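Hydrogens, waters and symmetry mates play no part in the numbers below; they use all other heavy atoms, side chains included. By convention in this document, chain letters (A, B, ...) are assigned in the order of the sequence lines, proteins followed by strands, and residues within each chain are numbered from 1. Owing to the predicted nature of the structure, the values given are computational and were not obtained by experimental measurement.
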Amino acid sequence: MNAPKPVRVRFAPSPTGYLHVGGARTALFNWLYARSQKGTFILRIEDTDQERSTQESYQAILDGMNWLGMDWDEGPGRGGDFGPYLQSERLPIYREHLEKLATEGHAYRCFCSPEDLAAREKAVTDAGGQWEGYDGKCRDLDPAEASKLEAEGKPFAWRLRTPTDGSTFWYDIVVDKREFQNEVLVDRVIFKADGFPTYQFACVVDDHLMGITHVLRGDDHVSNTPFQILIYQALGWNLPKFGHMPMILGPDRKRLSKRHGATSVQEFQKQGIIPEAMMNYLALLGWSPGGNADEVMTREALIKKFSLKKVNSSPGAFDYDKLAHINSEQIKRKSPEERHALAAGVLAEHGWRMDPEWKIHNATDSDTYLARILKTLGNRFSSLITLPEQIGFFYTDDHWRDDEAWPSAVQGPENVQALTALADALEAELDMDQPQPAEAFENVTRALAGKLEIKAGALIHPSRVALTGQLRSAGIFEVMELVGLRRSLARLRRAASLS
RNA sequence: GUCCCCGUCGUCUAGUGGUUAGGACACCGCCCUUUCACGGCGGCAACACGGGUUCGAUUCCCGUCGGGGAUGCCA
């Protein structure tokens, strides 16, 4: 048997928008396949649509790829032996291959303008018929006549002459055999009147010239494949393997669109999704590690377990809840250092810093302080979005002021009494000039509860709201330790006085 | 309309010619507890429908229905 060729796959987006989750998922499967097979991952920009391609989009795509951590071996900024990797810089190459097809009679000039075509389509539709695509008007145009029209300066496009009988098929990696009757394939344009190749043509030429072994793309390309196969055949080239990934649908099983919420990877980034989670979730949409295996995986695990054979053939609905779950799991599983970096980013956005005047037990500088906060938070830190709410009160007295929890937990005679009693006890028992550990606060609180013959909770709950402004928080005694005795007292008294 | 594809809990999925059809998210209980989260335990919940083939179909075939894609001088 022949030795397997080294895998070469590519992601070939067109720079006409942001990096959409569908595109990102396609890119991911290519990337995972390349990495798992020790192959080459190529990024190629398909900017043959002069109208819609933009520099901003180009940049957004590169940013999205980088953010997700999908590095490419060849492509923009990386170079490679098969460049250029921007189709707009490969025009002479396409031209050359077009000429070959023209010479051999596989391509012909079509002088029908888009307006002509639209008019003919309308005529057919008006007559109650169904327009089946290009009608082949110029297919048998006399070459002399065509040359004459060209000499007159009449604009034209090039079309591929496709067979009218037989069928074109391939064995898809995902869905096995796919077959189309050539009869239904029309002579589509391969070179536009503006001198640029169409996607159909540029894609085939590049995939071949760049030595692509597996064309892995979205299922929306299935109907392009037979036409492209015809181009390969006309050029006398061997076919790569094709694999069509199932589409991603919205939660309502309609095509995923903006009205479903975020659809571009940068939007998810803004919503506090970390790249590892995005990648992990995307991988799970259409692929599964199988059986009861853990779905939360590192990049390395993903690469190790990924297999094209396990890619599903049915379209899947995007589930924001599950993404959120994967995201929190990924955050929880990060190392303390990585979590610290993540949280520090959030702090920086809010401009929060530790008050250097304050004496905190076991924390005298900002980094240590944050490390202590995160340790106290533990698993509660599982979202970049809720983190500001969770830790704001460690940094500013303003943070806790307004909260709807206030009336229920702090107001009322018992609560005011409890807050005051606790403040008095803490002040009496603890040395204001020394940092106090959580245990000290807890001992005083529980002793007071015993003395007053009430449950500790009757002191704890109002204190939590007084200290944090929230009904939920990390352990309240650790909160007191980190907020510090002096400031804790102030907050307790403040709450009591405001009630 | 035509062509192509898909169809297992609400969602993502595993799986098989004979299984108590497994896991995860979400949801609901209980436990833990200082609230929340985590964790633990348990629960709810699926083979779209109708015909075949077969001793036996969720699994194989056909049809129906449902969903998606394509039908561009966009990619």
Side-chain angles (χ1 to χ4, degrees), chain A residues 12-17 23 46-49 51-53 87 110 112-114 117-118 125 129-134 155-159 172 174-175 178-181 183-186 188-194 196-200 202-203 217-226 244 246-247 249 251 253-255 281 284-296 310 312-326 328 332 377-383 386 390 405 409 442 445-446 455-457 459-461 463-465 468 470-477:
Chain A
S14 63
T16 55
E46 307 216 322
D47 56 347
T48 53
D49 185 337
E51 306 275 295
R52 300 197 301 160
S53 297
Q87 290 189 328
C110 173
C112 303
S113 69
L117 260 14
T125 323
Q130 193 68 39
W131 177 255
E132 306 281 343
Y134 181 66
F156 64 93
W158 287 90
R159 289 181 184 274
D172 199 278
V174 179
V175 213
R178 299 259 200 173
E179 181 171 25
F180 286 78
Q181 296 305 312
E183 193 187 356
V184 306
L185 266 26
V186 300
R188 302 176 71 166
V189 168
I190 55 176
F191 240 86
K192 299 180 269 188
D194 68 359
F196 277 68
T198 61
Y199 154 73
Q200 308 288 162
C203 175
R217 67 212 331 185
D219 193 67
D220 50 338
H221 282 291
V222 166
S223 58
N224 291 325
T225 304
H244 291 89
M247 300 275 80
L249 310 176
R253 304 206 71 79
K254 300 292 179 194
R255 193 194 237 293
Y281 176 69
L284 256 18
L285 207 46
W287 170 82
S288 135
N292 298 346
D294 192 356
E295 290 184 325
V296 181
K310 302 218 73 172
N312 247 309
S313 56
S314 53
F318 198 94
D319 185 347
Y320 290 88
D321 283 341
K322 183 127 182 188
L323 203 212
H325 172 256
I326 299 280
S328 56
K332 283 191 287 193
L377 237 38
N379 278 331
R380 296 180 187 81
F381 172 30
S382 63
S383 161
T386 56
Q390 291 179 290
E442 177 157 16
T445 305
R446 294 202 185 279
K455 285 187 186 173
L459 295 173
I460 287 171
H461 300 312
S463 302
R464 184 186 311 286
V465 175
T468 71
Q470 299 165 22
L471 255 9
R472 302 174 284 276
S473 78
I476 194 61
F477 304 115

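No hydrogens or angles were tested; on distance alone, nothing pairs the side chain of A:R178 with the base of B:C4 as donor and acceptor under 3.5 Å.
Rounded to whole Å, the separation between the C1' atoms of B:C41 and B:A14 comes to 23 Å. B:C12 sits 15 Å from B:G7 when the C1' atoms are compared, rounded to a whole Å. If you take atom C1' in B:C30 and the same atom in B:G67, they sit 40 Å apart, rounded to whole Å. Nucleotides B:C60 and B:G18 place their P atoms 11 Å apart, quoted to the nearest Å. Rounded to the nearest Å, the gap between the P atom of B:G17 and that of B:C74 is 48 Å. When the P atom is compared between B:A24 and B:U2, the two are found 45 Å apart, to the nearest whole Å.
Nucleic acid contact for A:A474: base, since at least one base atom lies under 4.0 Å from a heavy atom of the residue. Residue-level contact check: A:G291 touches the bases, meaning some heavy atom is under 4.0 Å from a base atom. Residue contacts for A:T198: at a heavy-atom cut-off of 4.0 Å it reaches the sugar-phosphate backbone alone, with no base atom in range. Contacts of A:T48 with the nucleic acid, taken as non-hydrogen atoms under 4.0 Å apart, involve only primed sugar atoms and P, OP1 or OP2. Using a 4.0 Å heavy-atom cutoff across all strands shown, A:Q130 reaches at least one base atom of the nucleic acid.
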Each nucleotide N or O in nucleotides 25-30 of chain B that has a protein N or O under 3.5 Å away: list the pair and distance.
residue	atom	partner	partner atom	Å
B:C25	OP1	A:H325	NE2	3.3

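In this entry the distance linking NE2 of A:H221 with P of B:U71 reads 10 Å, nearest Å. The CZ-C1' distance, from A:R217 to B:A75, rounds to 10 Å in whole Å. Taking atom CZ on A:R255 and atom C1' on B:A70, their separation rounds to 10 Å, with Å as the unit. To the nearest angstrom, P of B:C4 lies 16 Å from CG of A:N224. The separation between A:L284 atom CG and B:G23 atom C1' is 11 Å, rounded to whole Å. Taking atom CG of A:D194 as the reference point, atom P of B:G72 lies 18 Å away to the nearest angstrom. Distance CG (A:N312) to C1' (B:U8): 11 Å, rounded to an integer number of Å.
Among residues two or more places apart in sequence or in another chain, the ring-ring contact (aromatic ring centres under 6.0 Å, His included) test is passed with A:Y134 by none.
Phosphate proximity of B:C12 to A:R253: present, with a side-chain N or O under 4.0 Å from OP1 or OP2. Checking the phosphate oxygens (OP1, OP2) of B:A70, no side-chain nitrogen or oxygen of A:R188 falls inside 4.0 Å. Residue A:K310 places no side-chain N or O under 4.0 Å from the OP1 or OP2 atom of B:C12. Regarding contacts with the backbone of B:C74, a side-chain N or O of A:K192 is found under 4.0 angstrom from either OP1 or OP2.
Checked for salt-bridge contact, A:R253 and A:D319 miss the test: no charged N lies under 4.0 Å from a carboxylate O.
Across every non-hydrogen atom of A:N224 and A:Q200, the tightest pair is OD1-OE1, 2.9 Å. When all heavy atoms of A:L185 and A:P226 are compared, the closest pair comes out as CD2-CB, 3.9 Å. Contact detail for A:V175 and A:R178: the closest heavy-atom pair is CG2-NH2, 3.0 Å. A:L285 and A:G316 make their closest contact through CD1-C, 4.4 Å (heavy atoms, listed as atom of the first residue, atom of the second, distance).
In terms of position along RNA chain B, the nucleotide closest to A:R464 lies nearer the 5' end than the nucleotide closest to the other residue of the pair A:D219 and A:R464. Mapping A:S223 and A:N292 onto RNA chain B by nearest heavy atom places A:N292 at the nucleotide closer to the 5' end.
Residues A:H221 and A:Y199 place their aromatic rings such that the two centres sit under 6.0 Å apart.
More than 12 heavy atoms of other shown residues, nucleotides or ligands fall within 6.0 angstrom of atom CD in A:E179.
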